[in-house]
Protein chains: 2
Amino acid sequence: MTLLNLEARINEISPASDEWLRAAALHQNNLTKPPRSLGRLEETANRICAMRRTLSPEIQNPSIYIFAADHGVCAEGVNPYPQEVTRQMVLNFLRGGAAINALAQAACAELYVVDVGVAGDPLVDPRLLSRRIGPGSKNFCCQPAMSLEEALAAISLGIECAETAARNGATLLAGGDMGIGNTTVSSALTAAITGLPAEQVCGRGTGSDDAALGRKIDAVKRAVALHADAKHPVQILAQLGGFEIAALCGLCLGAALQHIPLLIDGFICTVAAVLAVRLKPAVRDYLIASHLSSEPGHALLLNDLHLEPLLRLNMRLGEGTGAALAIPIVRAAVAAFTQMATFDSAGVSGAH
Amino acid sequence: MTLLNLEARINEISPASDEWLRAAALHQNNLTKPPRSLGRLEETANRICAMRRTLSPEIQNPSIYIFAADHGVCAEGVNPYPQEVTRQMVLNFLRGGAAINALAQAACAELYVVDVGVAGDPLVDPRLLSRRIGPGSKNFCCQPAMSLEEALAAISLGIECAETAARNGATLLAGGDMGIGNTTVSSALTAAITGLPAEQVCGRGTGSDDAALGRKIDAVKRAVALHADAKHPVQILAQLGGFEIAALCGLCLGAALQHIPLLIDGFICTVAAVLAVRLKPAVRDYLIASHLSSEPGHALLLNDLHLEPLLRLNMRLGEGTGAALAIPIVRAAVAAFTQMATFDSAGVSGAH
């Protein structure tokens with residue numbers, strides 16, 4: 001895909017429907033409850049009606065895509081875990097032993113694991129979607145993380161995953177990430193997008209000590225200075241991103257193209273979502289913020305998106321765990337909207 | 001049941017186990033995730049291990065008991081909805097048209113509707129547990145809401161419901177309420193328990209306007225002054241409570257007796273929980289705060305219990321809706337704890 005092709009594609013994205021949003025809000029007031037007493041469940045259901053252009057939305061086959069990739073910036077000593085953990089965790093996902101496996105199963109959601117660029121030899125497993133762009137990104141402290149072509153290929157993959165999910169009947173999508181070093185990458189992207197200083201957008205990720213946090217801040221500063229020329233979102237993704245983040249950006253674009261709500265997970269997914277919204281502002285209409293991670297950059301990005309997270313549980317694991325946890329909340333919001341009786345049908349008296 | 005019988009019974013309640021709590025925390029650190037990265041899910045799973053005295057807790061047959069009753073204080077014009085809505089909503093629960101029906105179904109939870117004292121003729125329906133103490137409480141602005149015997153009978157009913165649920169294999173309980181006027185009752189109880197002024201503990205409930213809120217505050221002030229002699233929790237419940245609140249207090253005691261976690265819902269359930277904890281402090285160990293309601297007294301009571309709610313979704317519906325919504329969160333917390341691989345078993349490297 002060329003940049004022109006991508007731009008043509010995302011021009012097809014249309015905003016969610018204001019008319020359906022208003023119709024949904026009117027319907028809420030007829031349901032047997034005091035007005036607005038279901039709080040954010042009402043807002044969530046109404047937004048989904050607006051995305052899906054219906055007053056009978058359904059949550060079918062919720063599908064979580066975890067994109068896994070490695071990051072050249074690990075050479076800067078930014079992470080307490082060795083890089084091989086990306087690969088080991090992909091194997092753990094495939095065997096069902098990770099947190100996201102338990103949470104996806106508890107949420108009755110489908111889980112897809114996509115190798116977009118794990119370092120080393122290609123992993124071969126029938127349960128793995130092997131869609132490698134390369135064996136990890138380059139160290140962006142010295143050179144662009146990837147070429148523009150690679151970034152476009154990863155975005156295109158994300159769009160394709162949303163299309164496949166829609167074809168399989170999914171009406172709710174969620175993104176997840178695995179990639180040792182990717183909070184550093186997300187911090188660099190956040191600094192580049194927002195102009196905020198590295199100190200403000202870097203956190204402890206998987207658990208960096210002060211020394212590793214110092215190296216992380218330093219790496220982000222050097223990377224942002226080196227790639228200060230990047231202005232277009234795809235260029236920023238190529239120079240400072242990672243394969244899984246580019247794919248997640250594509251998943252957001254694809255969800256919007258398919259009029260499917262997408263639950264964004266933590267810091268990594270949210271930076272991908274912000275880049276998708278920079279590419280096409282209407283994408284925001286299809287995003288639901290699942291949770292607030294304890295990674296400091298996350299709140300800044302959700303603020304940028306004007307999205308309020310559903311959950312605040314001090315989680316910071318990634319893998320799509322926050323998004324998986326929000327699936328039952330979204331399901332409950334839609335169930336209340338579509339299954340509740342009205343005051344008239346139930347013969348319940350309204351307020352004086 | 002006499003007060004002496006009740007006191008003997010609740011003396012059997014033992015605190016959750018510190019040893020199992022520590023063992024659970026150690027186990028969390030072996031699971032394939034950065035330490036503490038599942039945030040409040042870890043704390044929740046660990047607490048359930050401590051309640052259940054096991055490292056293999058299960059969430060089976062989560063059961064929601066909604067207790068419905070009417071309140072004499074409605075005569076003071078404290079509520080925008082007519083009192084007959086209690087009865088109408090019970091019928092709505094039985095037909096499956098209320099918010100709690102949708103949310104319980106979405107959470108794969110059993111829902112039990114108990115008539116503890118709905119005004120008018122007894123409701124007859126095979127799906128209803130008819131355990132009436134009387135046709136609603138008295139107006140506590142003029143007299144005690146109920147006799148001590150009635151309060152004890154309602155508490156005893158709640159204990160019995162927890163026993164029945166345990167016998168049916170439930171390992172997670174939740175309480176819900178229905179009773180027009182019961183935020184006024186809960187505000188009066190909160191004022192009596194905490195000593196806080198009526199203005200601080202009264203909110204708009206189902207949606208009172210300024211005039212109705214004024215009548216509510218006035219009714220609470222008069223009631224608290226009239227029943228200032230009540231000091232024992234059961235006496236407070238009898239003079240200022242309601243049948244459903246006394247039953248919910250019993251459900252908390254029963255859950256603790258059965259070593260079963262109980263999800264407390266909003267303001268009404270939480271005031272019942274506080275009274276149960278006043279009767280026996282170890283009850284607190286078995287309570288999980290599901291959500292923070294927008295009713296102002298709720299935060300004060302959760303603070304009193306030193307419990308942090310899992311959800312903050314601006315809900316204020318009651319019926320157990322907040323508790324139902326937290327069931328999938330608790331299920332996910334336990335699923336992650338019991339299903340995840342360890343670093344050793346999965347061959348995943350730990351931090352440097």
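Computed over heavy atoms, backbone and side chain alike; hydrogens, waters and symmetry mates excluded. Order of the sequence lines fixes the chain letters, A, B, ..., with proteins taken first and strands second; residue numbering starts at 1 for each chain.
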Query raised in the report: Measuring heavy-atom distances to chain A, does B:Leu311 have an atom under 4.5 Å in its side chain, in its backbone, in both, or in neither?
Result: side chain
Report summary line: Ranking B:Leu31, B:Thr44, B:Leu38 by heavy-atom pairs under 4.5 Å to chain A gives rank one to B:Leu38
Report summary line: Residue from B:Gly205, B:Gly347, B:Ala324 scoring the most non-hydrogen pairs under 4.5 Å with chain A is B:Gly347
**Report entry** Under 4.5 Å from any heavy atom of chain B - which part of A:Arg95
**Finding:** side chain
Requested in this report: Considering only heavy atoms and a distance below 4.5 Å, find which of B:Ala351, B:Gly39, B:Ala341 pairs most often with chain A.
Outcome: B:Ala351
Query raised in the report: Rounded to the nearest 0.5 Å, how far apart are OG of A:Ser37 and CD of B:Glu319?
Result: 8.0 Å
Query - A:Ile327 versus chain B, the contacting section by heavy-atom distance below 4.5 Å - result: neither
Report summary line: Answer key: most heavy-atom pairs under 4.5 Å with chain B among A:Ala106, A:Ala102, A:Pro34 is A:Pro34
Requested in this report: Nearest 0.5 Å please: distance from the CD atom of A:Gln88 over to the OG1 atom of B:Thr32.
Outcome: 10.5 Å
Query raised in the report: Do you know which of A:Ala335, A:Gly318, A:Ala99 has the most heavy-atom pairs under 4.5 Å to chain B?
Result: A:Ala99
Report summary line: When rounded to the nearest 0.5 Å, the distance separating CD of A:Glu42 from CG of B:Asn314 is 10.5 Å
Query raised in the report: What part of A:Asp209 gets closer than 4.5 Å to chain B, counting heavy atoms only: side chain, backbone, both or neither?
Result: neither
Query raised in the report: Is there side-chain contact between A:Leu41 and B:Thr321, with at least one heavy-atom pair below 4.5 Å?
Result: no
Query raised in the report: Which of the residues B:Gln339, B:Met315, B:Arg331, B:Arg316 is involved in the greatest number of heavy-atom pairs with chain A at under 4.5 angstrom?
Result: B:Arg316
Query raised in the report: Do you know which of A:Leu103, A:Thr342, A:Thr338 has the most heavy-atom pairs with chain B at a distance under 4.5 angstrom?
Result: A:Leu103
Query raised in the report: Counting N and O atoms only, with roles assigned by atom type, does the side chain of A:Glu84 sit under 3.5 Å from a partner on the main chain of B:Ser349, one being a donor and the other an acceptor?
Result: no
Query raised in the report: So which part of B:Ile100 gets closer than 4.5 Å to some heavy atom of chain A, the side chain, the backbone, both or neither?
Result: neither
Report summary line: The reported gap from CG in A:Leu313 to CZ in B:Arg312 (rounded to nearest 0.5 angstrom) is 10.0 Å
Query - Spacing of NE2 belonging to A:His291 relative to CZ belonging to B:Arg40, to within rounding of 0.5 Å - result: 14.5 Å
Query - Contact class of A:Glu43 relative to chain B, heavy atoms under 4.5 angstrom - result: neither
Report task. Determine the option with the most heavy-atom pairs under 4.5 angstrom with chain A, choosing from B:Val334, B:Val85, B:Ile59. Result -> B:Val85
Report task. Check whether A:Arg87 gets within reach of chain B through its side chain, its backbone, both or neither, counting any heavy atom under 4.5 Å. Result -> neither
Report summary line: With chain A, the option among B:Gly207, B:Gly350, B:Ala336, B:Pro328 that has the most non-hydrogen atom pairs under 4.5 Å is B:Gly350
